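Notes follow once the structure below has been shown.
The structure displayed is predicted, hence computed values, not measured ones.
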Amino acid sequence: MDYLEELNSPQREGVENLDGPTMIIAGAGSGKTRVLTYRIAHLIRMKNVDPFSILALTFTNKAAKEMRARIEKVAGTDARSLWMGTFHSVFARILRSEADKLGYPSNFTIYDTDDSKSLIRSIVKEMGLDDKVYKHNVVYNRISGAKNNLISWQNYLNNPLYISEDEQAQKPKMGAIYKEYVQRCFRSGAMDFDDLLFNTNVLFRDHLDVLNKYQQRFRYVMIDEFQDTNISQYLITKRLSSVHQNICVVGDDAQSIYAFRGANIQNILNFEKDYPDLRVIKLEQNYRSTQNIVNAANSVILKNSAQLQKNVWTDNDSGELVHLIKSTSDNEEGRLVASSIFEDRNNKKLQNKDFAILYRTNSQSRSMEEALRKMNIPYRIFGGLSFYQRKEIKDLLGYLRFTINQNDEQSFRRIINLPKRGIGASSVDKIVIAAFENDKSIWEVLQNIRNFLPGRTANAVENFVNQIKTFKIKIERADAYETASFIAKQSGLLRELYDDKTIEGLNRYENVQELLNAIKEFVDTPGQEDKSLEAFIADVALLTDADKDDPNDTDYVNMMTIHSAKGLEFRHVYVVGMEEDLFPSQMMLNSRADLEEERRLFYVAITRAMEKITLSYALTRYRFGRLKSCEPSRFIEEISPEFIKVDRKFNNPEPMGSLNSGVSGSNYARNLVAQRKVESNKVPPGKKLHTPSADFAPSDTRKLDTGMRVEHPKFGFGEVKKMDIEGANRKATIEFENFGEKTLLLTFAKLRIMD
DNA sequence: CCCCGAAGGTTTTTT
DNA sequence: ACCTTCGGGG
């Protein structure tokens, strides 16, 4: 085959040995994805394997999408019927078709992390526990950890280890919360992310006929990024492949960075035990990076204690040494990185998309954004707050989800009083408790609401119920797009957003339109047979921003966390915020294992670079709005001296002059967007300034200034006399024509600027 | 029930 | 710096 010519011998071994258990240990940049795609293409073209019986599992949607495209290039469109996707999406699909066996409806709702956490909060509150002790994050992680280790709530309550750990942590009720949480999800007809894997295990354990069906079907199973799978995921694939034994896993222990989600390097070691006649292939030649980059990365990972024997090397040029940029502040760091990109781009004739800025936490993008904007360098941020996490999107999705599944408690809580219908929190709690005490579903209680609530609120609820009923009828008769637009209009959500002439309101309105467009696109997709709303909603919780539009033809500097950079490569990479406590993260430094995971993360960051890697750190950085001094990361010193260009004597932080924090980056961006909208007359005169949510309060006070005339819904017209900042709260003192001088908190004040 | 002033909490990474 | 929650008053 033509494509085999391009491969080196271990790569070729990986492509050609198709039967039996195989483990490919693939060093960074060693052509792992290429081997995996050619392997699949080879199965289809050489062995005539029906793509329908191949299952390829990846860790992220991005990886799945990319690999599918590459396979289609090699193997043609036959590859379309291939089962390829993330663990979560593939098994969600299987669970939907087998849901009845587990007592779930096939249109079960998928709870995302926010849904899960808010359910946990209501449970903790209802149980009368202290939410300072049972913090929703901690509880969520505990439950998630148990599920990923396949510990059911019944097991949990009988497990001496978990019990004693909880006693030790002064959280004895943890098991009880777990139990209630699982039961509530079940009653809601909902699964969280971990349930998708946990329940697949239950399904395959308790229903051997079902297991057998899929075992027969998937003759070849492949797993990418194997080092990031957890026990729950591993056991599913082990069960699936136990008949044909054609399982191939590809991974790199040095790049395992998801232990916090239950990923376990131990899986790689267990794999050898579970499959004694395992074929192990090592890909050690790096095609991606220069010698200096490979060597620098190797010298870092050497500091870790546990790793598989492996020697990553390269034939490439030695290239430039690792660069180091030192700045006095995070803002200066931004400027230096931006001007470095600007220079390299011009001198080396590179494009913006050849550059990537990587950071440990999403919040670090701020100072970079600002600097790039000032230098007119286009950029694109991956990750961060996902489109689907936005309030207005979740609100509409809440309506859509509830129309499909009226038992979904979280959607119910979200939309019951939205727009306001006079049904407050206490009424909502009464409804949920009534459902629980009478062993009825929420929907049943809603339909007989007069038995539970007094007249006025009951009227409001009845109107709500009738509305949902009309939505349900619409769903039967119309496609996803028609139904969703109908619901968006009839529910009043669209109206409310339309009436909000704030810049933010305008954006929210556009976002909802964008969601409707996405649904339209879904309906119009050729080959999309099921055009129902149900089909669209099914996987929405599993989508992330990476799946949304991906303008390949545009030229942007890439910005993302190191985690989301996994699997990608760029000619020039900047790793910013190389400071102790930030990277390695302070929260991770509790045990040695955690430090080693941070170090692997650093390894991943370095090995993304093809030609040049630059590390950058600042001596001061804003945190919680306060200027803090920082020390260079210990990781910088861990790079062997011969590979890095640096004065090893780090200076102590210099005394700072007065630093102007300026406008925060995202607000700066929003201001620019806002400005553009004003210029193009998209904002009507007399625009409303402040939103009732705290979304946009502080930086907007810049635009409201002394001397401006404003209108307040209650106090009428007035003139701004004074702007003030008191603690975290922004205030304006306004002289009203009819009410005299008032000082207003801007977080909530709905003011319009009069032109 | 809703509005809004005040104070307290947040900082990890992703499906 | 930004966001959420609490609680008093209408």
Side-chain angles (χ1 to χ4, degrees), chain A residues 58-64 85-92 110-113 116 121 131-132 135 137 141 144 148 192-197 228-230 233 257-263 358-364 366 382-384 386 391 417 420-428 456-457 460 539 541-547 560-566 581-589 594 597-598 601 604 621-628 661-667 692-699 713-714 725-731 743-750:
Chain A
T58 62
F59 192 71
T60 61
N61 292 304
K62 214 196 250 170
T86 62
F87 277 89
H88 290 86
S89 67
V90 165
F91 295 116
I110 297 176
Y111 277 175
D112 66 17
T113 312
S116 300
R121 283 162 70 173
D131 61 2
K132 300 241 161 54
K135 291 186 183 169
N137 276 326
N141 288 333
S144 172
N148 284 328
D192 66 15
F193 286 142
D194 302 313
D195 286 334
L196 295 175
L197 307 173
D228 290 325
T229 54
N230 58 39
Q233 291 166 318
I257 54 176
Y258 283 97
F260 72 91
R261 261 190 58 196
L358 307 183
Y359 34 80
R360 181 64 179 78
T361 67
N362 278 308
S363 59
Q364 284 169 258
R366 196 218 84 212
F382 292 84
S386 152
K391 182 185 176 301
N417 200 26
K420 300 241 184 307
R421 339 177 137 77
I423 306 170
S426 65
S427 302
V428 173
R456 190 154 31 122
T457 330
D539 288 333
L542 300 173
L543 292 180
T544 53
D545 258 7
D547 318 307
M560 66 193 87
T561 62
I562 304 170
H563 281 88
S564 39
K566 198 181 62 166
D581 291 353
L582 188 57
F583 187 30
S585 155
Q586 187 177 26
M587 315 198 72
M588 284 293 259
L589 289 186
D594 292 338
E597 174 149 321
E598 292 284 294
L601 198 55
V604 169
R621 182 176 294 279
Y622 277 94
R623 261 190 152 193
F624 294 135
R626 296 205 152 202
L627 199 57
K628 286 234 180 167
S661 74
V663 195
S664 85
S666 56
N667 285 330
S693 85
D695 198 13
F696 198 19
S699 72
K714 216 186 284 174
I725 298 176
E726 192 176 297
N729 304 308
R730 269 67 171 177
K731 293 180 172 179
T743 301
L744 298 179
L745 186 78
L746 291 180
T747 317
F748 295 108
K750 288 175 195 160

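- Annotation: salt bridge (charged side-chain N to carboxylate O under 4.0 Å, His left out) contacts of A:Asp194 (sequence neighbours excluded): none.
- Among the protein residues, A:Asp194 comes within range of no part of the nucleic acid, since none of its heavy atoms lies under 4.0 Å from any strand.
- If you check every strand for non-hydrogen atoms under 4.0 Å, A:Thr113 touches a base.
- Comparing A:Ser564 and A:Gly422 by the nucleotide of DNA chain B that holds the closest heavy atom to each, the one mapping nearer the 5' end is A:Gly422.
- When the P atom of C:dC2 is taken as reference, atom NZ of A:Lys391 falls 20 Å away, rounded to whole Å.
- Using cut-offs of 30° and 60° on the angle between ring planes, the pair A:Tyr258 and A:Phe59 is tilted.
- Remark: C1' of C:dA1 and CD of A:Gln364 are 15 Å apart, rounded to the nearest angstrom.
- The distance from atom CD of A:Gln233 to atom P of B:dT14 is 16 Å, rounded to the nearest whole Å.
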Which atoms of nucleotides 10-12 of chain B (N or O only) lie under 3.5 Å from a protein N or O atom, and what are those distances?
from, atom 1, to, atom 2, distance (Å)
B:dT11, O2, A:Arg623, NH2, 3.3
B:dT11, O4, A:Phe624, N, 2.9
B:dT12, O2, A:Arg360, NH1, 3.1
B:dT12, O2, A:Arg360, NH2, 2.3

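- Remark: A:Thr561 is in phosphate contact with B:dT14, judged by side-chain N or O atoms under 4.0 Å from OP1 or OP2.
- Not one N or O on the side chain of A:Asp112 forms a donor-acceptor pair closer than 3.5 Å with the backbone of A:Ala541.
- When heavy atoms are screened at a 4.0 angstrom cut-off, A:Ala541 is found touching no nucleic acid atom at all.
- For the residue pair A:Ile562 and A:Leu358, the shortest heavy atom distance occurs at CG1-CB, 4.1 Å.
- Across all strands shown, A:Ser427 has heavy atoms under 4.0 Å from sugar-phosphate atoms exclusively, and none from any base.
- A:Phe59 has its CZ atom 7 Å from the P atom of B:dT15, to the nearest Å.
- Between A:Ser89 and A:Leu542, the shortest heavy-atom contact is CA-CD1, 3.6 Å.
- Checking side-chain atoms of A:His88 against main-chain N and O of A:Leu196 turns up no donor-acceptor pair under 3.5 Å.
- At the heavy-atom level, A:Lys566 lies nowhere under 4.0 Å from the strands shown.
- For A:Arg456 and B:dC2, the CZ to P distance is 10 Å, given to the nearest whole Å.
- Side chain of A:Ser426, nearest nucleotide from B:dT14, B:dC1, B:dC2: B:dC1.
- Side-chain proximity of A:His88 to B:dT14, B:dT15, B:dC2: nearest is B:dT15.
- One can place CG of A:Asp131 at 12 Å from C1' of B:dG8, the figure rounded to the nearest angstrom.
- In terms of modelled atom types and a separation under 3.5 Å, the side chain of A:Gln233 and the main chain of A:Asn230 share a donor-acceptor contact.
- A distance-only check finds no donor-acceptor pair linking the side chain of A:Asp192 to the backbone of A:Ile110 [under 3.5 Å].
- As rounded to whole Å, 15 Å separates atom P of C:dA1 from atom CZ of A:Arg621.
- Using a 4.0 Å heavy-atom criterion, one finds that A:Tyr258 contacts the sugar-phosphate atoms exclusively.
- Atom-to-atom, CZ of A:Phe87 to P of B:dT14 comes out at 19 Å; the value is rounded to the nearest Å.
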